[in-house]
Amino acid sequence: MGGEGMEETRKGAFYVPAMCGRQPPEVELSREGSHYSMSSGVLPALGARGNRRVMLRPFIISPYDKGYRVWETFLIILVAYTAWVSPFEFGFLIKPTGPLLIADDIVNGFFAIDIVLTFFLAYLDKSTYLLIDNPKKIAQKYLTTWFVLDVVSTIPSEFARKILPRKLRSYGFFNMLRLWRLRRVSALFARLEKDRHFSYFWVRCVKLICVTLFAVHCAGCFYYLLAARYPDPSKTWIGASMPNFHHRSLWIRYVTSMYWSITTLTTVGYGDLHAQNTREMIFNILYMLFNLGLTAYLIGNMTNLVVHGTSRTRKFRDTIQAASGFAQRNQLPPRLQEQMLAHLCLKFRTDSEGLQQQETLDVLPKAIRSGISHYLFYNLVQRVYLFQGISHDLLFQLVSEMKAEYFPPREDVILQNEAPTDFYILVTGSVDLIDHKNGIEQVVREAKSGDLFGEIGVLCYRPQLFTVRTKKLCQLLRLNRTSFLSLVQSNVGDGTVIMNNLLQQNLNELKDPIMEGILRETENTLARGQMDLPLSLRFAVLRGDDMLLHQLLKRGLDPNEADSSGHTALHLAASKGSENCVILLLDYGADPNSCGKQAILLDSSATDSVGSTPLWEAVLGKHEHIIRILVDNGGNLYQGDMAQYSCTAAEQNSLELLKDIVLYGGDVTLPRKDGNTALHLAVSEGNLEIVKFLLDQGSKINKPNIHGWSPRDLAEQQGHEDIISLFHSKETRENEEEEDGNQSAGSNAPRRITVRCPEKLDSSSKLVLLPRSMEEIFSVGIKKFGFQAAKVVTRDGVEVDDVRIIRDGDHLLLVSNAWRGHVQ
């Protein structure tokens, strides 16, 4: 329909076709009884994500639609009629006759309908393997390929006689153009050759016979035309033996012509029918040369096709025959026979018709193969529960080792109780997990795209739990157990993540007695250290399994091995309060003061703190028995980030935690990197009790952070009157103590200075005590004037950069960098 350009759409494509304007069912191997057809449907694209479906536009027909395939088959019958009648009308008929003319017009009408349908037929783009359903592109492709020939071959004979010159107005001359329709026959034979329900040998023989009969028929019709149009009928090949042959019946003339054509094709010499004039001699010469070429072509081409081009098909058919014989000799159940043949058929499909996927990948360099696998499968694999949280490097390597395979409907991928050698990820399609109990099959659950199955048998060292059977055509990613373990062995942390995912996200979530038993057995296996999968000390501590921890430490694992955040197993054991694990780790040389990047809370969530030590984890968790053990073994807080410890306690409004920090030798007055102290945060929280405690510990009221805000500034800005009063009392006591100290030392009264901001016109001068640092002078500008000064200058404009050169009674100006004036 529409020529070779349209025929391309029938070849193997990677994308699932759609029905006319509707979402199609997912493509699977069509079944007739217990058999699978090799000629229908297409395979989903390699690496297809989910159940990839194609939605065609309204009124656009899919070339894979069953209704359209029936229409194509019907047209093949009409092509056979055209192949016989066109040469016959050309050679034997001069004027149209009733029944034959009506039949021709009816056939032409069907092919005219086909031309119209072609403008609504989606086609497969050979570069992208996508079905093109754009009407403009479909029309453009058809108009630039075979549209003209299709139209010319469909013009009615009466109309053709009117437009042709007088000498060419033979009834059948224009009909010869309809032989263009024969192109459809090759597609038919191509499909029959691959259909296992037909004998390959007889299909090829029928094709050869058809070609030979068509050549004989055409030659006989043409040769008779030479005699019928010759001026002297008696001097023609048929007139010499059959005078007045024009008056003989059409049947006799046709049989005589076929007799001559066949004898000429198959023998040497002409017997009683031979050329009588020059025209006939020339035609005989050309016909014999044509016969030589035809014979050589048929023999050579058949030999080449059978020996070379059809070797894959013949091997496939031999395999099918051998499998069928094997099944019958061993009296295998019908379902097993069906699965055998269906798998062999699907394997042939994936290895032929341009879909030699694995062969294509195998001949490529490893880097290119890895890149292709990463592009096709990475996004799918990283969403699989078992691999969530593992490193990008390991995930990339796992994807590169996976093999894509197709399985037909109702085929067993895994059998219950078989040895666990592989596990699978479902890319497209769906499968049933089936449990066999007392000879009865029970579907446990259905797995869909992105699901994993077979992993429990592989990772838990036990026979496969369920039979896995496909429900429709499925694409699977297979990963071999040996390859998987060899990759995971090089990364202990990832092995821990994988086992944790298996036990927590799979086995623990299934409320099934069988799965609970498997969980207990797996935990016992882990405790005995009999797992080939590499596990970290943190995995054992996380599960509270001191037996497994002991086994791993005895193997020589580093007790100070840390994860990416710097936390060791001792950090985790201290945060969880696992006394036995802490003692084991310390006995094997774990550092009690190793510093991690983040603190671990009781709920195992991480805070923003850095420099966490095991003792801090124990203090956070209030595990007093762990605290005593760590302190006895040299654990302390001061090697960690004590500023962050105290700030964390203040943020949590935990006075008890602050007291614990002080109790175990910590300093709660130290600032963080941003300049904030615990007092800053306590003031922000408005916690008077914690503020009192921090002041008693020596926290500074006027110490600014990196933004210039001191605790006093925060209290005034937020209006905490009780805290402001507390600060005044504290400052008063400090001043009195300072005055008492100065008087006892025989010193004068405190030095005072006058401060002003000239850039703020409405500001007045302030008399203040001389601060102890330049930072305190700048804080005076913020607090008294609301002005962030960049420098301090005298009234003459001289910049002051050291507080020690300021004298009692000096007048200072707080200005920005842009200020250029001076004040008298």
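Atom set for the values below is all heavy atoms of this structure, side chains included, hydrogens, waters and symmetry mates excluded.
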Quiz prompt | Verdict with supporting geometry, His392 and Tyr378, side chain to side chain contact (heavy atoms under 4.5 Å, CB included) | solution = CA-CA 10 Å; His392 170 80; Tyr378 186 87; 2.7 Å; yes
Quiz prompt | Residue pair Glu579 / Ile626: nearest heavy atoms and the distance that separates them | solution = CA-CD1, 3.5 Å
Quiz prompt | Listed partners of Gln397 passing side-chain hydrogen bond (donor to acceptor under 3.5 Å, both in side chains), at least two apart | solution = none
Self-check item: With Phe326 via ring-ring contact (aromatic ring centres under 6.0 Å, His included) - residues at least two apart
Solution: none
Quiz item: Under the salt bridge (charged side-chain N to carboxylate O under 4.0 Å, His left out) rule, what pairs show up with a residue in residues 413-433, not counting sequence neighbours?
Solution: Asp422-Arg478
Quiz item: Could you give the distance from CG (Leu570) to CG (Leu585), rounded to the nearest 0.5 Å?
Solution: 5.5 Å
Quiz item: Under 3.5 Å, is there a donor-acceptor pair between the Glu401 and Asn480 side chains?
Solution: no
Quiz item: With sequence neighbours excluded, what pairs up with Ser486 under the side-chain contact (heavy atoms from CB on, under 4.5 Å) test?
Solution: none
Quiz item: Below 4.5 Å, heavy atoms only, C-beta onward: do Pro63 and Leu124 meet side chain to side chain?
Solution: no
Self-check item: Ile425 versus Leu452, closest heavy-atom pair with distance
Solution: CG1-CD1, 3.4 Å
Practice problem: Report the residues that fulfil side-chain contact (heavy atoms from CB on, under 4.5 Å) with Thr73, sequence neighbours left out, ordered by chain and then residue number. | Solution: none
Exercise. Taking the side chain as every heavy atom from C-beta outward, state whether Leu479 and Met402 have any pair of such atoms under 4.5 Å apart.
Key: yes
Quiz prompt | Rounded distance (nearest 0.5 Å) linking atom CD1 of Ile440 with atom CD1 of Ile434 | solution = 13.5 Å
Exercise. Can you see which heavy atom on Asp133 is nearest to which on Ala122, and at what distance?
Key: CA-CB, 4.5 Å
Quiz item: Given side chains that start at C-beta, do those of His550 and Tyr588 come closer than 4.5 Å, heavy atoms only?
Solution: yes
Practice problem: Would you name the heavy atoms of Lys472 and Ser430 that are closest together and state the gap between them? | Solution: CE-OG, 3.6 Å
Quiz item: What pairs with Glu441 under salt bridge (Lys or Arg N to Asp or Glu O under 4.0 Å), at least two apart in sequence or on another chain?
Solution: Arg469
Quiz prompt | Distance, nearest 0.5 Å, that separates CG of Leu477 from CG of Leu398 | solution = 11.5 Å
Practice problem: Applying side-chain hydrogen bond (donor to acceptor under 3.5 Å, both in side chains), name anything that partners Ser370, two or more places apart in sequence or on another chain. | Solution: Ser400
Exercise. Rounded to the nearest 0.5 Å, what's the gap from CD1 on Ile61 to OH on Tyr123? Could you check?
Key: 16.0 Å
Practice problem: Apply side-chain contact (heavy atoms from CB on, under 4.5 Å) to Asn580 and list each qualifying residue two or more places apart in sequence or on a separate chain. | Solution: Asp546
Exercise. Determine yes or no for a side-chain-to-main-chain donor-acceptor pair under 3.5 angstrom, with Ser449 supplying the side chain and Val427 the backbone.
Key: yes
Quiz item: Between Ala573 and Val582, which heavy-atom pair has the shortest distance, and what is it?
Solution: CB-CG2, 3.6 Å
Quiz item: Say you draw a straight line from CD1 of Ile390 to CD of Gln382; how long is it, rounded to the nearest 0.5 Å?
Solution: 10.0 Å
Practice problem: Grab the two heavy atoms, one from Leu121 and one from Tyr68, that are nearest each other, plus how far apart they are. | Solution: CD2-OH, 3.5 Å
Quiz prompt | For Ser373, side-chain contact (heavy atoms from CB on, under 4.5 Å) partners two or more places apart | solution = Phe377, Val399
Quiz item: Is there a side-chain contact between Leu131 and Tyr64 (heavy atoms, below 4.5 Å)?
Solution: yes
Quiz item: Does any N or O in the side chain of Ser575 come within less than 3.5 Å of the main-chain N or O of Glu617, such that one atom is a donor and the other an acceptor?
Solution: no
Quiz item: Parallel, tilted or perpendicular: which fits the ring planes of Phe453 and Tyr424, with parallel below 30° and perpendicular above 60°?
Solution: parallel
Practice problem: Drop me the distance from Glu455's CD to Leu465's CG, to the nearest 0.5 angstrom. | Solution: 9.0 Å
Quiz prompt | Residues which pass ring-ring contact (aromatic ring centres under 6.0 Å, His included) with Phe423, listed by chain and number, not counting sequence neighbours | solution = Phe484
Quiz item: Residues two or more places apart in sequence or in another chain: which of them pass side-chain hydrogen bond (donor to acceptor under 3.5 Å, both in side chains) with Thr568?
Solution: His571
Self-check item: Close side-chain approach of Val203 and Phe189, heavy atoms under 4.5 Å
Solution: yes
Self-check item: With sequence neighbours excluded, residues passing salt bridge (Lys or Arg N to Asp or Glu O under 4.0 Å) with Glu446
Solution: Lys471
Quiz prompt | Audit row: Asp412, Thr467, side-chain hydrogen bond (donor to acceptor under 3.5 Å, both in side chains) steps and yes/no | solution = CA-CA 7 Å; Asp412 292 339; Thr467 292; 5.9 Å; no
